[in-house]
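Everything on this sheet refers to the single structure shown next.
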Number of protein chains: 2
Amino acid sequence: MALPRAARTLRRTRIQEEKEERILEAALEVFSLHGFRGATVDQIAEVAGMSKPNLLYYFRTKEAMHRALITRVLDTWLDPLREFDAKGSPVAEIRSYIRRKLEMARDFPRESRLFANEVLQGAPNIEDELKGPLKALVDEKAEVIRAWAKAGKIAKCDPYHLIFSIWSTTQHYADFDVQVRAVLGQENAGEGRFEDAARFLEQLFINGLEVRDQPA
Amino acid sequence: MALPRAARTLRRTRIQEEKEERILEAALEVFSLHGFRGATVDQIAEVAGMSKPNLLYYFRTKEAMHRALITRVLDTWLDPLREFDAKGSPVAEIRSYIRRKLEMARDFPRESRLFANEVLQGAPNIEDELKGPLKALVDEKAEVIRAWAKAGKIAKCDPYHLIFSIWSTTQHYADFDVQVRAVLGQENAGEGRFEDAARFLEQLFINGLEVRDQPA
DNA sequence: TGATAATTTGACCGGTTGGTAAACATTACA
DNA sequence: TGTAATGTTTACCAACCGGTCAAATTATCA
């Protein structure tokens, strides 16, 4: 008989742990590059270094694989926002949030693209996650930002659109990497672009572009 | 005999004009939602309201359709950046560029998603366009911005990352529409979100978030 | 009108897709 | 060690994929 996941009531074998890990790693690679419909099980199996039926022994359908991957990744993906702290200095807090998000774009571009692909295609498999846990977390942090603005610690602004703009500007460097490289050209293609981006975004979000009248 | 496009030396029939239009419209709908690999010719044919062989009579391959669509759309997509004018007031020019890009995200979300899908998946079919015409246009406008900064008309900043940030923040409302709606919730799901976004982004790009010390 | 070219369709093809069946191999453990 | 559960593989399938073909239909225009 062969009922790997259904029959798994309590313990998970060492071998299960390892294989599922390898599969999800391979799935991340392929899904993030081609999207759900564009990815094939054969491709994922090859990247994972195992036969297709063997892979399907651990995840019975392509969709199950995708679900497992998304829910796992979503959690770590929201960590920077969770760390967003009401007690810190507002400007410093926003600055470090930008920096952390940019680091994630640099270090985990596949995770970013996985979500981008999913959301772009209508988020058929994670709509509930978006409307539930994600919205709740954003609502909470938006309230923090709103309080800061009310207290005069930062400029009055719509906290939701502020969060959107931080997401979009930072994730851009993962999701649109090819375009960024193409436009910057080969000479600026090094990892330095992330440092440049960090500097620019900090300045943008703190000071904007208008020249400030210096009292002197 | 039947060689529709190859044999088309000079004139194009009214019927050709109409059908190709309908096909590209349908292709935009389907490609923008599922990406190149995820889209099927049958799907496009159904949306276009014609049989698959009939569709393939006008565009001989799925790839030819995609190419035609991309090159057509890319041109109009870059119009706002082309209008970016060195002679205007810098702040006003940036403000109106943001507004125009946001209007495009609102009025042509499918076009935005088409590119997002393509770039996200490594831009296999438009790499040349990115490294050629697009880079050239951005280089030109970046020089304008650099000159403004040098003349003290706007804050010193990296012009490329400025352009990236305008692209990402505005296109976010087309590409991540589902997420934006989910987070804002049903009560804020009206078209008003584009006005809110415009107000926020203008403030962000001009003034930033730090409270300015008003001289009493 | 008639004839010629342009358009449309149903039937079909080889290759790929997600997934299955069942035999075989390996591990865990009494 | 034996044996039952777990893991792996080969061979395979039906559905779907992009694309072809030849026949049928429709538009064009002398």
Side-chain angles (χ1 to χ4, degrees), chain A residues 1-24 26-27 29-31 33-70 121 124-125, chain B residues 1-24 26-27 29-31 33-70 121 124-125:
Chain A
M1 203 43 187
L3 281 180
R5 317 202 80 230
R8 202 186 65 216
T9 47
L10 284 169
R11 305 239 298 129
R12 295 176 67 196
T13 335
R14 170 187 52 84
I15 226 168
Q16 270 176 17
E17 205 99 30
E18 282 177 12
K19 288 293 168 74
E20 289 180 7
E21 184 57 37
R22 262 172 58 195
I23 292 172
L24 288 181
E29 184 73 27
V30 178
F31 278 135
L33 196 54
H34 298 122
F36 180 74
R37 298 186 51 172
T40 75
V41 178
D42 297 78
Q43 239 178 324
I44 297 170
E46 194 191 329
V47 173
M50 62 181 77
S51 67
K52 182 170 62 169
N54 195 185
L55 185 155
L56 287 167
Y57 170 73
Y58 292 99
F59 295 90
R60 287 148 85 120
T61 67
K62 184 183 173 185
E63 212 183 303
M65 246 169 55
H66 193 248
R67 254 200 313 273
L69 185 58
I70 288 251
Q121 307 190 357
N125 296 323
Chain B
M1 202 42 185
L3 281 180
R5 316 202 82 230
R8 202 185 64 216
T9 49
L10 284 169
R11 306 237 298 127
R12 295 176 66 197
T13 335
R14 171 187 51 84
I15 224 168
Q16 270 177 18
E17 206 99 30
E18 282 178 13
K19 287 294 168 71
E20 288 179 9
E21 185 57 38
R22 260 172 60 194
I23 291 172
L24 288 182
E29 184 71 28
V30 177
F31 279 135
L33 195 54
H34 298 121
F36 180 75
R37 297 185 53 173
T40 76
V41 178
D42 297 78
Q43 239 179 324
I44 298 170
E46 193 191 329
V47 172
M50 61 180 78
S51 67
K52 182 170 61 169
N54 196 185
L55 186 155
L56 288 167
Y57 170 74
Y58 293 100
F59 295 91
R60 286 145 87 118
T61 67
K62 182 184 174 184
E63 212 182 304
M65 244 169 56
H66 193 247
R67 255 199 313 274
L69 186 59
I70 288 252
Q121 307 191 358
N125 296 323

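As a basis for the values below, the full set of heavy atoms in this structure was taken, side chains included, without hydrogen atoms, waters or symmetry mates. Numbered from 1 within each chain, the chains take letters A, B, ... in sequence-line order.
If you check every strand for non-hydrogen atoms under 4.0 Å, A:Thr40 touches sugar and phosphate atoms only. Backbone-only contact: A:Ala39 has heavy atoms under 4.0 Å from sugar-phosphate atoms and none from a base.
Looking at A:Phe59 and A:Glu20, their side chains come closer than 4.5 Å, going by heavy atoms from C-beta outward. A 4.5 Å side-chain heavy-atom check between B:Phe36 and B:Glu63 finds at least one atom pair inside the cut-off. Contact check for A:Thr40 versus B:Arg37: side-chain heavy atoms found under the 4.5 Å cut-off. Side-chain contact check for B:Arg22 versus B:Lys19: some heavy-atom pair is nearer than 4.5 Å.
As a whole-Å value, the separation of A:Phe36 CZ from C:dT17 P is 14 Å. Atom OH in A:Tyr57 sits about 11 Å away from atom C1' in C:dT27, given to the nearest Å. Rounded to a whole Å, the CG atom of A:Leu56 is 18 Å from the P atom of D:dA11. Taking atom CZ of B:Arg60 as the reference point, atom P of D:dT20 lies 8 Å away to the nearest angstrom. As rounded to whole Å, 15 Å separates atom C1' of D:dC17 from atom CD of B:Glu63. Atom CD of A:Glu46 is separated from atom C1' of C:dT17 by 15 Å (rounded to the nearest Å). The CD-P distance, from B:Glu18 to C:dT7, rounds to 11 Å in whole Å. Distance A:Lys62 NZ to D:dA15 C1': 14 Å, rounded to the nearest Å.
Under 3.5 Å, the side chain of A:Lys52 and the base of C:dG18 form at least one donor-acceptor pair of N or O atoms.
Here the rule is side chain to side chain contact (heavy atoms under 4.5 Å, CB included) with A:Ile23, and of A:Leu55, A:Asn54, A:Leu56, A:Val47 only A:Leu55 fits it.
Side-chain atoms of A:Asp42 lie closest to C:dG18 of the nucleotides C:dG18, D:dT8, D:dG18. Each of C:dT8, C:dG19, C:dG10 was ranked by its minimum atom distance to the side chain of B:Tyr58; first place goes to C:dT8. The listed nucleotides are C:dT9, D:dT9, D:dT8; the one nearest the side chain of B:Ser51 is C:dT9. The nucleotide whose nearest atom lies closest to any side-chain atom of A:Lys19 is, among D:dG7, C:dG10, C:dG18, D:dG7. Side-chain proximity of B:Asn54 to C:dG10, C:dT8, C:dG19: nearest is C:dT8.
Contact check, A:Gln16 against D:dG7: a side-chain N or O comes under 4.0 Å of OP1 or OP2.
Heavy-atom distances to DNA chain D give each of A:Arg37 and A:Pro53 a nearest nucleotide, and the one nearer the 5′ end belongs to A:Pro53.
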